[in-house]
Amino acid sequence: MQEYSSQAAYDRGEAVCVIGAGAAGLIAVKNLRENGFEVDCYERDTVLGGLWNPENQHSPLYPHTHLVTSRSQTEIPDFPMPDDWPDYPSAAQMLDYLKRYAAHFGLAEHIWYGSEISHIEPVEGSRFEIVVKPAAGSAARRLRYGAVIIATGHHWVPNLPSYPGQDGFRGTILHSSQLKDGSRLRGKTVLVVGGGNSGIDIACEAAVNAAECVHSVRRGYWYLPKYLGGEPADYALARLQRRPRWLRGFLTDRLLKGHRELSARMGMEAPDHKHTDEEPIRNGRYLEHVGDGSIQHRGEVTRFDGGEVAFTDGTTVRPDVVVLATGYKPKIGCCPPGLLGVDGDSPYPKLLARMFSPRVETLAVAGLVEPGVGALPIFHWQTHAIAHWLHIRKGDPERAANFRQQVVSESAQYAVDSTGVSPRHHLAVDAEEYLAGLGRIIDTLEQEPAK
Amino acid sequence: MSLQVWVRRTRTPEPASVKREIAVIEPSDLLEIEARDDPDASPVLCCTGESAGAAAFGGLWLKRIAGAGRYAAAVSVRGQGSTPAAPGGLEACAHDVVQAAIGLPRQAVLVGHGSGAAWAALAAGRYPAAALVLVSPQKMPKQPPRPVGEPKVLLAVGEAEAQSKEAQATAEAYGVAPLTFAGNSGDVFTGAGAEGLLDAVLSWLGSKD
C-alpha cells in the first residue's frame, strides 16, 4: 500500500460511505439521509444510474432493454413511477426514473463522481478507512467513515464461457454487454448463447433483424409471457399468494400449464426447478419466434471449429456473429474478501441476511441478490433495514446486539435449493421468503425499545 | 409504511390512471419585487375535499406560498375540477396525491384540507413528505398510517371545531397540539382568517425544529 499518500486520513466522523450511485446506491443514500446520516457516495463513472445509464462506460444494456418485471412490482415503494407509464418501462424510462428520484430527494450533492474506491479496511474497531482513487490519476485520498455500504451491483464483470476451439473461431464473438446496437445483427447469421432473459431478448432481436438466428440453451427454463390471465405476469403470480395455500398450488398451475405445454411442444427441456427458484424467462415473443422458425432452438454448444459451431445434438451452424448472453460474475474488488465471508476461490460472499458483513458490524452490501422479482423494492427494504440498524447501533448498543442475533438466525432461511450451475444461482433468493425475513428484521428494528 | 403494508398494496389492483389537473405557481412566476425564491425550501402540494379541487387554492394560497419562496402546487383528485372521475375511493384519491407529489421537482410538503386531509394523511404513509399539514381534517381514517420518513406534522383547526371529536382524534393520532385559527373549515380559502392561517402555516414550515 505504499502508493497511498502518507497524509493522515480525513475523518468524516459518523458519516456513512456508499459505494456506487446506481439504483441500490441511490436508494441507500436516500434512506441513510432520512435516518439523519451524513453520506458520501462514490461513483467510479461520471454519471448516476449504474447499469441503466447507457452513458456509463461499463453499461451492460443491450438493444431495447426493457424491464422484465412490471411497473407496480418494480417501483421504489415510497416513490412510485408515474402511473401513465407502460406496464414494462424501457431502460430509458428506468434511467429517467432514477434521475427523478435523485433530484426529488436531493441526492446528487452527496455523490462524488469519477471516484473509484480502491480499498476499504476496518480501523479503530468498527470504523472504516477508505482509499479513493480519482480517475484523473491525481493522488489517492484517504478518508474515515463510521460505516460503509457497498452498492456496486453484480452486472459488470462478464461471465465468459470457453468452448473448445473458440480461440480459432473466424467470426465475431461478443458478450451481450458489447452489443450496443441491434444493427450489428442485420443480415447476419447469428448464434445467441445463453438462456437467461438477456439471451432470450437478444434472440428475439436477432429473429427480426438477422438473416438467421440460432439460440443455444443448456438447460430447461420457465418460459413465461409478460402477461398472464390478463394481468402483468409477476403481478398475477404474486396475487395468488393472497389465496389460501391449498388453492394457491392449483391456481398457479392453471396459470402456468399452457405455457409449460407450449414450451414442451417447442422442444424445450423441462425446467428442473420451481418457477420461483430463479428468475423465469419473461418474454412472450420468444416461443412465437421459435414457433414460426425465425429462432432455431438448440442445446449446448460443444465446440467451435473454424467457422463452424457444433451443438450437443450433432447439428452445426456457421454463424457470422456469436453473442454470449452468459451473464455476469459478482466482483467486489475494493473489499478484502474475508470481510464478506468469502472463503477460498469462490467469488460469492456469504453475508448475513444477504446484506450484513459477518465480520464487521458497520459493513453492509446492498443489492447483491437475484430475487426473481423487481429489484428496486428489495434494495429499498434492505437499505431501510441497514440505515435503521446503523441508527439504533449509534443510540442503543444493547438493542443492536440483540438484533444481531436475529439476523444470524434469519440468514439461514432463504438460500434457494437449486441444482443449477449458472453464476446467478449463487445470488438467488426466494423473494417471498426473503421479503418476509426482511420484514421481521425491520419489525425488530422499529419496535419501541423495552423500558 | 411497513413492508407488510407495501406487499399488500403491490397485490391489489392499482387505481386507474387519470390525467390530473395540477395548478402550479412558482416563485419566479410572480411579478412582485419582494417575492423571494428559496431553492432549498420544499415545494408545497395542496389538496382539498371541496369539489373545486385545485382551483380552490388558486385565489390566495398558491400565490401566497409562492410569495414565500416556495414552489406551490395544488392537485384535483379524480372527480374534482377538471380531473375526470374514475372509480376508487379514499385509496385512489391518496394515490392521486402521491402521483402529483412525485411529479414535483423536490420532496414536497403535503397540505390537505377537509377530506383532502385524509388523502394527504394516507399519501404521507407511502411517500416521504417533507412535512404534513392537516387543515380542518374530515373523514380521517380511524388509524392514520405512520408517516414515512417521520416528517413534522401540523394540525390546524378552526376555533369552531377545535373541540370536535375528529380534531381531537387526529391530534392524538399524531401526538401534536392543534393550532387554531379564526373561523371554521369553510373560511380557509378567502378572507382575513385565511391569510392568518396561511401565514401561520408558512412560518411553521419555515421554522427549524
Side-chain angles (χ1 to χ4, degrees), chain A residues 30-31 33-36 69-87 97 100-107 109 231-232 234-243 373-374 377-378 380-382 384-385 387 431-432 434-443 446, chain B residues 1-20 22 39-43 45 71 75 77-78 83-84 86 88 91-92 94-110 122-130 145-151:
Chain A
K30 182 252 169 199
N31 281 332
R33 297 277 308 152
E34 205 169 276
N35 278 278
T69 51
S70 66
R71 176 164 54 78
S72 72
Q73 309 296 302
T74 312
E75 62 197 9
I76 302 167
D78 62 0
F79 189 77
M81 292 186 194
D83 65 356
D84 54 355
W85 279 14
D87 287 332
Y97 176 57
R100 287 183 195 211
Y101 182 77
H104 200 83
F105 294 106
L107 306 181
E109 59 188 287
E231 291 167 336
D234 51 353
Y235 170 73
L237 288 168
R239 274 191 83 174
L240 296 181
Q241 299 289 343
R242 300 182 63 179
R243 305 286 186 162
V373 299
I378 303 271
H380 175 82
W381 295 114
Q382 279 187 330
H384 181 92
E432 193 69 21
Y434 186 61
L435 278 170
L438 277 178
R440 286 190 293 271
I441 287 172
I442 291 168
D443 285 347
E446 289 186 346
Chain B
M1 159 184 47
S2 75
L3 191 150
Q4 290 81 3
V5 171
W6 167 77
V7 167
R8 222 172 299 138
R9 201 173 71 233
T10 59
R11 291 172 186 178
T12 28
E14 191 183 51
S17 175
V18 289
K19 190 155 174 45
R20 301 174 191 89
I22 296 181
D40 290 334
S42 310
L45 176 67
Y71 182 107
V75 59
V77 303
R78 48 199 66 208
T83 303
E91 282 291 324
H95 169 84
D96 287 338
V97 175
V98 172
Q99 284 289 322
I102 60 152
L104 300 186
R106 286 184 315 282
Q107 210 172 348
V109 175
L110 299 182
L122 286 182
R126 55 170 100 153
Y127 162 81
R146 195 166 133 192
V148 292
E150 283 160 33

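Each chain gets a letter, A, B and so on, in the order the sequences are listed, and its residues count up from 1. All values below come from the heavy atoms of this structure, side chains included, with hydrogens, waters and symmetry mates left out. Since this is a predicted model, take the numbers as computed values, not measurements.
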Checklist entry - Is it the backbone or the side chain of A/Arg33 that comes under 4.5 Å from a heavy atom of chain B, or both, or neither? => result neither
Next on the checklist: Quick check on A/Asn35 against chain B: is it the side chain, the backbone, both or neither that has a heavy atom closer than 4.5 Å?
Outcome noted: neither
Checklist entry - Can you say whether B/Ala130 sits under 4.5 Å from chain A via the side chain, the backbone, both, or neither, judging by heavy atoms? => result neither
Item to check | For A/His104 against B/Leu104, the heavy-atom pair lying closest together | outcome: ND1-O, 2.9 Å
Checklist entry - Would you say A/Ile442 and B/Ser2 make side-chain contact, with heavy atoms under 4.5 Å? => result no
Next on the checklist: Taking every non-hydrogen pair under 4.5 Å, which of A/Lys30, A/Arg71, A/Arg100, A/His380 racks up the most with chain B?
Outcome noted: A/Arg71
Checklist entry - Is there a donor in the side chain of A/Asp84 and an acceptor in the side chain of B/Gln99, or the other way round, less than 3.5 Å apart? => result no
Checklist entry - Side chain of A/Arg242, backbone of B/Arg11: donor and acceptor closer than 3.5 Å? => result yes
Item to check | Exercise: identify the closest heavy-atom pair between B/Ser17 and A/Asp83 | outcome: OG-OD1, 3.2 Å
Item to check | Contact class of B/Gln107 relative to chain A, heavy atoms under 4.5 angstrom | outcome: both
Checklist entry - Which is it for B/Arg126 and A/Glu75 under the salt bridge (Lys or Arg N to Asp or Glu O under 4.0 Å) test, yes or no, and what are the steps along the way? => result CA-CA 12 Å; B/Arg126 55 170 100 153; A/Glu75 62 197 9; over 6 Å; no
Checklist entry - Taking atom CD1 of A/Ile441 and atom CG of B/Leu3, what is their separation to the nearest 0.5 Å? => result 10.5 Å
Item to check | Most contacts with chain B, counted as non-hydrogen pairs under 4.5 angstrom, among A/Pro82, A/Ala103, A/Pro377, A/Gly106 | outcome: A/Pro82
Next on the checklist: To the closest 0.5 Å, what do you measure between OG1 (B/Thr10) and CZ (A/Arg239)?
Outcome noted: 10.5 Å
Next on the checklist: Does any backbone or side-chain atom of B/Pro43 lie under 4.5 Å from a heavy atom of chain A? Answer side chain, backbone, both or neither.
Outcome noted: neither
Next on the checklist: Is the shortest side-chain heavy-atom distance between B/Glu14 and A/Tyr235 below 4.5 Å?
Outcome noted: no
Checklist outcome for this item: Heaviest contributor of heavy-atom pairs below 4.5 Å to chain A, chosen from B/His95, B/Arg8, B/Arg9, B/Glu150, is B/His95
Item to check | B/Trp6 side chain near A/Leu435 side chain, heavy-atom distance below 4.5 Å | outcome: yes
